[in-house]
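Data block below; observations after.
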There are 4 protein chains.
Amino acid sequence: MTEKQRKILDIALELFAQDGYNSTSTNKIAQEAGVSEGLIFKHFGSKEGLLDYLVEEGVALMNEELDNLMRIENSVDRLKATLRFPKAVIDKNPAYWKVQMSIKFANHEIVEKYHNSSFMGKAMGIISETFEELNFENPQMETQLLMQIIASFFMSLINDEMENYAEMVSFLEKKYNLI
Amino acid sequence: MTEKQRKILDIALELFAQDGYNSTSTNKIAQEAGVSEGLIFKHFGSKEGLLDYLVEEGVALMNEELDNLMRIENSVDRLKATLRFPKAVIDKNPAYWKVQMSIKFANHEIVEKYHNSSFMGKAMGIISETFEELNFENPQMETQLLMQIIASFFMSLINDEMENYAEMVSFLEKKYNLI
Amino acid sequence: MTEKQRKILDIALELFAQDGYNSTSTNKIAQEAGVSEGLIFKHFGSKEGLLDYLVEEGVALMNEELDNLMRIENSVDRLKATLRFPKAVIDKNPAYWKVQMSIKFANHEIVEKYHNSSFMGKAMGIISETFEELNFENPQMETQLLMQIIASFFMSLINDEMENYAEMVSFLEKKYNLI
Amino acid sequence: MTEKQRKILDIALELFAQDGYNSTSTNKIAQEAGVSEGLIFKHFGSKEGLLDYLVEEGVALMNEELDNLMRIENSVDRLKATLRFPKAVIDKNPAYWKVQMSIKFANHEIVEKYHNSSFMGKAMGIISETFEELNFENPQMETQLLMQIIASFFMSLINDEMENYAEMVSFLEKKYNLI
DNA sequence: AATGAATGAGTTTTCATTCAT
DNA sequence: CATGAATGAAAACTCATTCAT
């Protein structure tokens with residue numbers, strides 16, 4: 001990966017997050033990256049190819065995070081970490097996840113790309129196992145509900161709409177009898 | 001409101017929901033509505049003006065639904081109805097809410113329009129009041145959490161990703177001690 | 001057909017003939033026609049749509065000419081007119097036939113458009129009938145040969161490579177015993 | 001001439017014949033030849049330089065064929081060979097002649113390159129001499145006509161439009177009293 | 001109220017060509 | 001000799017919007 005190639009990716013990520021995928025022209029990306037417009041197409045084939053590259057990077061990153069979560073052996077600690085997961089991930093790279101989510105809804109065809117990617121299933125597996133280990137009465141429904149809650153937290157965090165995240169985590173820890 | 005005006009709105013809604021706001025051209029709207037392209041601009045000023053009109057209609061519709069919810073006197077029944085609210089609303093007019101959500105994320109300038117609309121606050125008021133009437137320990141946090149859950153349900157339903165909605169409602173009713 | 005629409009067609013025809021289809025940009029057509037580039041696409045859908053329109057006009061024109069030829073009752077006169085046909089047609093509208101022939105070879109997909117059009121078969125029918133009426137020994141082969149010769153004359157005339165066309169006609173008239 | 005140089009020429013010829021000169025990008029040539037795009041320009045200066053090289057090779061090949069024709073001492077045999085000339089030449093190297101003809105009409109600047117090449121004059125010389133030796137009444141016109149016919153045969157053969165070439169040759173041999 | 005011809009700025013993409021290594 | 005990263009000009013096409021009728 002050349003310096004310019006990396007620059008294109010970084011600027012594209014930033015602009016997609018800022019203005020959305022559709023509202024960002026390849027011309028603008030090239031200009032801000034200090035690069036000829038043609039280079040984007042030489043390296044990524046098309047504007048969508050550029051997006052795909054970004055998405056794949058994001059999915060890989062997310063999978064790494066999930067792997068870390070999976071490595072926590074104690075179930076209670078793992079569930080606690082799960083509740084903190086959205087904020088932990090986003091704080092590491094806010095720009096990345098702003099794009100991921102915004103494009104998910106901006107472009108109908110891309111929704112599926114994300115949904116078919118491995119990490120939804122992997123996340124479900126981890127949470128489900130945790131609830132089973134903790135002998136919750138209805139682990140399947142608990143899993144589904146928590147997935148929804150966590151997805152929702154992702155959204156809110158991305159839009160800077162959750163100032164009291166820590167408080168919410170405590171509240172849920174009580175609900176799940178983790179303290 | 002003339003017949004053609006109504007037709008434009010209906011077709012625009014349908015196409016925005018189907019293909020997203022950005023990917024729907026005024027030309028296509030005009031063609032499918034059997035109307036000249038100029039007429040759209042005569043009536044709604046701009047493409048965004050057309051969207052605004054649709055958004056306002058959506059907000060009004062949502063407020064109506066919330067008013068119905070608010071009218072339920074018994075707190076337990078009201079909370080039960082609140083849990084069923086997303087599916088009840090969407091089933092009445094699926095296209096409407098698909099647009100609402102898809103444009104919310106597709107077009108950054110429009111996000112605020114939606115967010116500044118009254119109904120989020122109204123919904124929060126209803127739920128908060130309910131939890132207080134039912135003497136929940138921490139009504140504020142309960143409210144915030146349920147808002148997240150319900151928002152998440154909206155998303156999932158719109159993307160046809162919740163087949164077991166009824167089961168989930170029962171599950172939550174138990175959690176909230178409503179049965 | 002508006003004035004500007006006609007102007008686009010005329011200029012396009014001229015430029016296609018002058019520089020070839022591929023080397024003529026829609027931008028140049030628009031500029032020389034004193035028209036916005038978008039208008040070309042509004043009216044003809046695409047650059048190829050514009051070409052198609054021109055081709056169809058040409059085919060129609062050619063069919064008319066063939067109909068005139070067909071109307072000649074005396075076989076000898078008809079064969080004489082057939083020999084003069086290429087020059088007669090081209091002299092009526094040299095620009096038209098320069099395009100027709102140049103695009104035929106410039107663009108592989110278009111070759112078929114032309115070949116599938118009616119006039120090749122129609123021409124063959126006329127010539128074949130003539131040779132039969134004149135009791136030529138092998139009318140089929142005579143027809144095929146004359147078709148080749150006439151096609152070749154078209155090419156040469158288009159490239160301004162036949163100054164002695166009249167002499168050639170006399171020469172052939174002798175060969176076919178028409179004088 | 002290095003191996004890669006030769007490969008570029010062969011692939012270019014093939015692609016020009018298949019898709020036409022304008023529709024073949026240097027990028028595609030480089031890729032299919034397994035060579036860097038830069039190398040094409042190192043060796044041939046420009047895309048047109050590459051074409052020129054091919055054209056010159058073609059002209060040389062054609063001249064060789066004409067020399068062979070010229071070497072036939074018996075006039076009758078020479079005229080017979082002349083009638084068979086188009087098919088004989090094309091069968092030896094169909095791709096070559098497909099390019100020759102397609103670019104001739106696709107790209108106006110190149111038409112002249114071909115036309116100024118010697119072989120048209122040489123062919124004319126051979127045919128003219130033959131008709132004189134055979135004491136045809138009007139050798140000049142006979143020559144011009146046969147040139148047209150042969151040119152036309154070239155075109156038809158290139159487009160795979162003459163299945164009964166052998167029959168046509170016999171037919172002409174009779175016409176020219178060669179059997 | 002309604003049309004539809006017309007615009008012009010913008011979009012993604014292609015492509016021959018250059019140049020440092 | 002050979003590469004491949006990089007360029008920049010041009011290509012076809014789209015689209016929201018205006019305006020005379």
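Letters go in sequence order (proteins before strands), and every chain restarts at 1.
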Can you tell me how far C1' of F:dT14 sits from NZ of C:K47, to the nearest Å? 17 Å
Pairs touching residues 21-38 of chain C that satisfy salt bridge (Lys or Arg N to Asp or Glu O under 4.0 Å), sequence neighbours left out: C:D19-C:K28
With sequence neighbours left out, what residues match D:K42 under side-chain hydrogen bond (donor to acceptor under 3.5 Å, both in side chains)? none
Could you report the tightest heavy-atom contact between A:V35 and A:K4, atom names first, then the distance? CG2-CD, 3.7 Å
In whole angstroms, how far is the P atom of F:dC15 from the OH atom of B:Y21? 13 Å
Strictly below 4.0 Å, heavy-atom distances to any atom of DNA chain F: list the hits from residues 3-13 of chain D, or just say none. D:K4
Under a criterion of less than 4.0 angstrom to any heavy atom of chain D, what are the 5'-terminal and 3'-terminal contacting nucleotides of DNA chain E? E:dC15 to E:dT18
Listed in order of residue number, which residues of residues 24-37 of chain D have a non-hydrogen atom at under 4.0 Å from DNA chain E? D:T24, D:S25, D:T26, D:E37
Consecutive-pair stems (at least three Watson-Crick or G-U pairs, under 3.5 Å) that include DNA chain E: E:2-21 with F:2-21
Return the OG1 to CG distance between A:T26 and A:L50, rounded to the nearest 0.5 Å. 9.5 Å
Could you work out, with side chain to side chain contact (heavy atoms under 4.5 Å, CB included) as the rule, every residue matching D:S46, not counting sequence neighbours? D:E48
Kindly compute the distance separating CG (B:L9) from NE2 (B:H43), expressed to the nearest 0.5 Å. 9.5 Å
Presence of A:T2 side-chain N/O under 4.0 Å of F:dG4 phosphate oxygens OP1/OP2: no
So, do C:N27 and C:Q31 sit near enough that their side-chain heavy atoms are less than 4.5 Å apart? yes
Are the side chains of C:Q5 and C:T2 in contact, using a 4.5 Å heavy-atom criterion? yes
What pairs with D:N93 under side-chain hydrogen bond (donor to acceptor under 3.5 Å, both in side chains), at least two apart in sequence or on another chain? none
Do any of residues 38-45 of chain C sit with a heavy atom less than 4.0 Å from DNA chain E, and if so which? C:G38, C:L39, C:K42, C:H43
Closest heavy-atom pair, B:T24 versus B:I29, reported as atoms and distance to 0.1 Å, is CG2-CG1, 3.7 Å
C:Y53: ring pair (Phe, Tyr, Trp, His ring centres under 6.0 Å) partners, not counting sequence neighbours: C:F44
side-chain hydrogen bond (donor to acceptor under 3.5 Å, both in side chains) with A:K7: which residues, sequence neighbours excluded? none
Taking side-chain hydrogen bond (donor to acceptor under 3.5 Å, both in side chains) as the definition, give me every residue that meets it alongside D:E57, ordered by chain and number, with sequence neighbours left out. D:R6, D:Y96
Got a second to check how far B:N22's CG is from A:Y21's OH, nearest 0.5 Å? 11.5 Å
Write down the atom of B:M62, the atom of B:W97, and the distance for their closest heavy-atom approach. CB-CH2, 3.7 Å
